[in-house]
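Below you'll find the structure, written out as structure tokens, and then a few comments.
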Number of protein chains: 2
Amino acid sequence: MELEQVKNKFYEILEKNRAYNYSMSLIYWDGATGAPKKAVDDRSKILGILAGEVFKLTLSQEMKECLIALEKESDSLDKITNALVKEVRKKHDKFTKIPKEEYREYVELLSKSKVVWEEAKNKSDFSMFQPYLEKIIRTLRKFVEYRGYTSHPYNTLLDDYEPGMTVEKLDIFFNSLKERIVPLVKRLQNSDKKIRTNFLNETYPIEKQKEFSQYLLEKISFDKEAGMIKESEHPFTIDFSPRDVRITTHYFEDNLISAIYSTIHEGGHGLYEQNIGEDIAETILGTGTSMGIHESQSRMYENLFGRNINFWRHLYPKLIEIFPEQLSNISVNEFYEAVNKSENSLVRIEADELTYSLHIMLRYEIEKMLIEGRIEVKDLPRVWNSKMEEYLGIIPPNDKKGVLQDVHWSDGLFGYFPSYALGNVYAAQFEQTMRKSLDIDKLLMKGEFDKILEWLREKIHRHGSLKKPNEIIKDVTGEDLNPIYFIEYLENKFEKLYNL
Amino acid sequence: MELEQVKNKFYEILEKNRAYNYSMSLIYWDGATGAPKKAVDDRSKILGILAGEVFKLTLSQEMKECLIALEKESDSLDKITNALVKEVRKKHDKFTKIPKEEYREYVELLSKSKVVWEEAKNKSDFSMFQPYLEKIIRTLRKFVEYRGYTSHPYNTLLDDYEPGMTVEKLDIFFNSLKERIVPLVKRLQNSDKKIRTNFLNETYPIEKQKEFSQYLLEKISFDKEAGMIKESEHPFTIDFSPRDVRITTHYFEDNLISAIYSTIHEGGHGLYEQNIGEDIAETILGTGTSMGIHESQSRMYENLFGRNINFWRHLYPKLIEIFPEQLSNISVNEFYEAVNKSENSLVRIEADELTYSLHIMLRYEIEKMLIEGRIEVKDLPRVWNSKMEEYLGIIPPNDKKGVLQDVHWSDGLFGYFPSYALGNVYAAQFEQTMRKSLDIDKLLMKGEFDKILEWLREKIHRHGSLKKPNEIIKDVTGEDLNPIYFIEYLENKFEKLYNL
């Protein structure tokens, strides 16, 4: 075959896979945002078939031949094609080692697990979810054995979300965070500063919260003709292309900021996906380059912007306009302090900036032990609670607020949580660089989010997965990943806030 | 290959096709109920790829071999497998004659046409839609040439929706309807009876209309855990399996009954799909047997039940409860008369029972001429308006209320409209038989819709496509399709209503 023919064949297979993945994403979205209850089994079955096809195509003899032929001719190929070949090669090699039937069963298992988890969480009954989680862990450990690993089985899973990340690096990283954040948290607990937050828990009608979420998305330049916001149990972002990026949130009538911050958070993910370059939009490179970099975008909007006093100087008047009864007597400074109050709390997605990493650390340690086989799934509630007590000084009153709080494990996402902590670190490092050319505080105060988005689009978003995490951080900031910016940011902010 | 192996292979291909069709349906549903605007092209492309795969699998050498092998052994096969083989053989032979690439382009064309139609309708600008419709007609005529036809090219299209139906039969059928309905319509116009309807067009808040639609669906035993209702431009029903059947409606603040009757109508379609037998639920036989029989179920609920005085004796109190200001002073009899008022109107889906068939007749005649090539697409607005004047005595003020009113042509549904008229005829014939064993009026008055549904499930729904239209009508009523029941029903009802 001529090179041009091989290339066409390669792109044709990728297109077909894109159609199946698109369908799977839509089935997932549909299931999470309101598909009829009784359709669960059908959905799992269809997902299983589609995943099987993607699997089969990726591992097909045809694809194998394409890869070999294209790899030989990499010098005569364009940059994007070469990157695609690398990307597919990685998946190909990953899957070659997993038997097709086992993978298909796993996809069906995950689809059912998600539903069981939702019910188990609602009933706060871990034992319902336990057999599913046991199967998931058993399967993942088997898959890691099939795939092989260097020095630690968990490394193989980490690499799926954060290419190049290892247990060794993470252990050092978490230790360095612990060294300065844990003492800071303790100093805060001894502070006399009292921050009032009771006004955040008055009655905030959901319809009006929706109005503010919509306003917020418009403000930060989320393109509503290329996306939408809906509700689901656990907020998430899903992208079909830069022209169709969907986010969800979850409203609570007695909690104003839960939905606000999940909207900004998912909005940050959404902006990344909406601003991927047109040249790669319809390829598998047309998505965020890693979970950590993705999370840096959501955390940047949620914390570095959304918990900055200047952000609220611009947006607070609108919030008062929508909720005059609840907020008219609260100053923007009181509001700012309230949304930044640090508290040792139970639920990760509602944790503050400061204690957040401790929630991740707990999950990281549990995941490592599960994959090592050092603890059993049935012991999880106990282990969870004892670690919560150790790191945060509080014990969950039930599994709903404890071990069942996150959707991730029901989705098979092991090795994923550390990205959340990495996201904070990347974000602080990016923001520090951004400050060299943009007056971020002034832009936030004037509501000029488009200038910020322009910087992010140019430096980060448009590249999609064409640049890897380590390239992005180096190209943008001039150095490798460095937690110091995050740590100093936290110290400066919270020492000031708590008059330490 | 052993017979058992062939059978497994056959079912495996069908399963895969089911996954692709499921995905296509979901993409369609998503597009019609709120997907982001900018995602149109992506959606078309993905649909094109999936349709191409279904096409390829149906026509694959593997499928061909399965069909031949299974057809030889039909004596040793179960009833369902034999019916599946027949069904696939029909599609296989239909598609063998259409070049794959042309079919794929056609699917993409339809996806775009739908969006253009929606905009053209909103702007009431036929010229926007014209080039798309021209392409559709050109493609359909070419496809009919590829597929071949007996006596009239339109017969090939008719057979897709109503197996066995022909232009010859339809001409006779419409003539027989014309003979007795047209004079009845004229007699009505000379009646002195005045029916008040102004109260139907007061302001009915949409949120409250939604509440009644939900109530209505519960009443008629639509299973909400196996389905849902949403909104779209043009109401429709889509089924993924009996466990996931979705319907849409369209609310207008100044029109109470538009949404009510589209909800009952689509609800009738939905009940058919929700009550298909478990034995065929996950096969291609697990859906209504023809458009005409399907429409008999929706029309039965919409007209024979939903426009029966006893239906409202049961439901009207709830309607008053929701809309006390608008309806407290209106008696159930006045309401009954209002929803049955016959009027020569412009829009098919809002037409009354009596004039409805005339709207279908007009479309039937236009479609026949388009397929024959006797008129050009650009002349459609003119032809449409002149026929409206001829049959109904009124001329549409714009294309939105005229030739652009229906979604069907943008979806390539030619040969489909006649099913609507056939649906009325089937429905009246079924209902006449049902009356021999059930006191329908009493059941409606007591709101015992479950007994009615049980009858329909047993006689019609559960069989899905295992029985063909002519078998169903014969098995249930003891005779072939006979328009006399429909005609007599209309005469009795409207003579009484208008004191003729």
Side-chain angles (χ1 to χ4, degrees), chain A residues 12-31 33-54 56-57 104 207 222-230 238-247 270 274 281-282 286, chain B residues 12-31 33-54 56-57 104 207 222-230 238-247 270 274 281-282 286:
Chain A
E12 195 188 293
I13 301 176
L14 289 182
E15 280 273 272
K16 218 181 273 184
N17 263 347
R18 181 164 178 256
Y20 302 153
N21 281 317
Y22 182 106
S23 303
M24 287 163 75
S25 294
L26 191 59
I27 293 169
Y28 179 88
W29 165 263
D30 182 65
T33 58
K37 252 188 162 177
K38 292 183 180 170
V40 177
D41 290 337
D42 281 326
R43 213 158 53 227
S44 307
K45 206 166 168 182
I46 304 289
L47 282 173
I49 295 172
L50 292 170
E53 285 308 299
V54 170
K56 211 166 76 184
L57 278 174
R104 179 176 157 152
E207 281 310 310
F222 182 87
D223 182 350
K224 285 190 197 153
E225 294 200 342
M228 60 164 95
I229 179 169
K230 272 198 172 188
I238 199 164
D239 69 293
F240 297 89
S241 85
R243 295 171 291 275
D244 189 354
V245 179
R246 307 179 184 192
I247 69 175
Q274 283 190 339
E282 291 178 27
Chain B
E12 196 189 292
I13 301 175
L14 289 183
E15 280 273 272
K16 217 180 277 184
N17 263 346
R18 183 167 175 253
Y20 302 152
N21 281 316
Y22 183 105
S23 303
M24 288 163 74
S25 294
L26 191 58
I27 293 170
Y28 179 87
W29 165 263
D30 182 64
T33 58
K37 251 190 163 176
K38 293 183 180 168
V40 176
D41 290 337
D42 281 326
R43 215 158 51 229
S44 306
K45 204 165 169 184
I46 304 289
L47 282 172
I49 295 172
L50 292 170
E53 285 308 298
V54 170
K56 209 165 78 181
L57 278 174
R104 181 177 155 149
E207 282 309 311
F222 182 88
D223 181 351
K224 284 189 199 157
E225 295 201 341
M228 61 163 92
I229 179 168
K230 273 200 174 187
I238 199 162
D239 69 293
F240 297 88
S241 85
R243 293 170 293 274
D244 189 354
V245 179
R246 307 180 182 190
I247 68 175
Q274 285 190 336
E282 291 179 26

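- Both the backbone and the side chain of A:R43 come within contact range of chain B, with heavy atoms under 4.5 Å apart.
- The number of heavy atoms from other shown groups lying within 6.0 Å of NZ (A:K37) does not exceed 12.
- Proximity to chain A (any heavy atom under 4.5 Å) is restricted, for B:Y22, to the side chain, taken from C-beta onward.
- Of the two parts of B:A35, the backbone and the side chain both hold a non-hydrogen atom closer than 4.5 Å to a non-hydrogen atom of chain A.
- Both the backbone and the side chain of A:E15 come within less than 4.5 Å of a heavy atom of chain B.
- Note: A:K16 NZ to B:I49 CD1 = 9.0 Å, rounded to the nearest 0.5 Å.
- A salt bridge between A:D223 and B:K38 is present, with a side-chain N of the basic residue lying under 4.0 Å from a carboxylate O of the acidic one.
- Atom CG of A:D41 and atom CD of B:E282 lie 8.5 Å apart (nearest 0.5 Å).
- Contact annotation for B:L26: both backbone and side-chain heavy atoms come within less than 4.5 Å of a heavy atom of chain A.
- In terms of heavy-atom pairs under 4.5 Å with chain B, the best-connected choice from A:L47, A:D244, A:D42 is A:D42.
- In terms of non-hydrogen atom pairs under 4.5 Å with chain B, the most contact-rich of A:E53, A:M228, A:M24 is A:E53.
- Atoms CD1 and CZ, from B:I27 and A:F240 in turn, are 9.0 Å apart once rounded to the nearest 0.5 Å.
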